[in-house]
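Notes follow the structure.
Because only heavy atoms are used, hydrogens play no part in the values below, and waters and symmetry mates are left out as well, while side chains stay in. One is the number of the first residue; the rest follow in order along the sequence. Note that ligands are numbered from 1 as they come in the structure, with each ligand's atoms numbered from 1 the same way.
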Amino acid sequence: LTDLSTTCTVDGVRTQVNNWRTTGQSIAFVPTMGNLHAGHLSLVRLARSVADRVVVSVFVNPTQFGPGEDYARYPRTVQADRALLAGAGPMADLLFTPEESEIYPLGVEQAIRIVVPGLGDELCGASRPGHFEGVCSVVCRLLNVVSPDVLVLGEKDYQQLTLIRRMVLDLNMPVRVVSGPTQREPDGLAMSSRNQYLTPAERMLAPRLHATLETVRGALRAGRKDYEKLNALAIGTLERDGFKPDYVEIRRGVDLAVPGDDSAAELIVLAAAWLGRTRLIDNLRA
Ligand code: PAF
């Protein structure tokens, strides 16, 4: 195992990052909620390729979970996460595992929040009110602690990526956002910490979410522009396969706006669907 320094304090991160900065080294940051898998490791590898030093955080952020969501049962596996990072060779340089009071010093109730109008209430935001407010609030806090040159995020959470890019632009945050592609299981299922909630029977069905998105992508590539109809067909397919679809939507890749009929913009198809107690999300660029 490589030596992986770990800190759970804001001061600990700042001291280390300042040391690197004074010797002219650049810093990339990968925020996570832990329960790391190959998808996260691909982001750490990407971070390694764009900066001299890599900071990874593991923090299950309470403010991005709604009432009745899986905050309490979200897998907390910091020891295994640490071992995975350390065992992956020289990739991460610092692991930040803060307690809630480090990130929210006034407590969650008193926490200043970032409001995310518009897109924050659509797609996943429609069924998870306040989710993106919580995501942007914690990422802003983490960026204030780590002050990286580059923020590395996964494309699986495409709406999150889009909104964080928007926050960085709108708040003039001095960081470059770089994204890495979704990592998939051999059967197409997008890697996610939530996949482990699936029963064996649900796990067999789960790749059909990706398969359905591939069908929509095929139709878009064939030139179809009846987006509403394609969305509805995909929802019907998912229902027949045993999902409870939340949405399937074709949007513009650049800003997730609803595309016009004659638009030449690059498109993306996004979906969220429940399989039993598990909410899965995925997306594909057309
Ligand atoms: O994508 C995630 O794991 C989380 O939403 C993030 C970006 C770490 C913020 O808590």
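Short contacts between ligand 1 and Pro31, defined as distances under 4.0 Å to a heavy atom of the residue, involve ligand atoms 8 (C). For ligand 1 and Gln160, the ligand atoms under 4.0 Å from any heavy atom of the residue are 1 (O), 2 (C), 4 (C), 5 (O), 7 (C). Under a 4.0 Å criterion applied to the non-hydrogen atoms of Val138, ligand 1 contributes the atoms 9 (C), 10 (O).
By the 4.0 Å N-to-carboxylate-O rule, Asp246 lies close enough to Arg279 to be salt-bridged with it. Salt bridge Arg21/Asp149: present, at least one basic N to carboxylate O contact under 4.0 Å. Between Arg73 and Asp70 there is no salt bridge, since no side-chain nitrogen of the basic residue lies less than 4.0 Å from a carboxylate oxygen of the acidic one. Glu266 and Arg285 are joined by a salt bridge, as a carboxylate oxygen and a charged side-chain nitrogen come within less than 4.0 angstrom of each other.
Not a single N or O atom of Asn61, backbone or side chain, sits closer than 3.5 Å to an N or O atom of ligand 1.
Only the backbone of Thr32 comes within 4.0 Å of ligand 1, judged by heavy-atom distances.
Tyr71 belongs to a hydrophobic cluster whose other members, connected by ILVMFWY side-chain contacts under 4.5 Å either directly or through intermediates, are Met33, Val60, Phe65, Tyr74, Tyr197.
Looking only at protein heavy atoms, the nearest one to atom 9 (C) of ligand 1 is Gln64 OE1, 3.3 Å.
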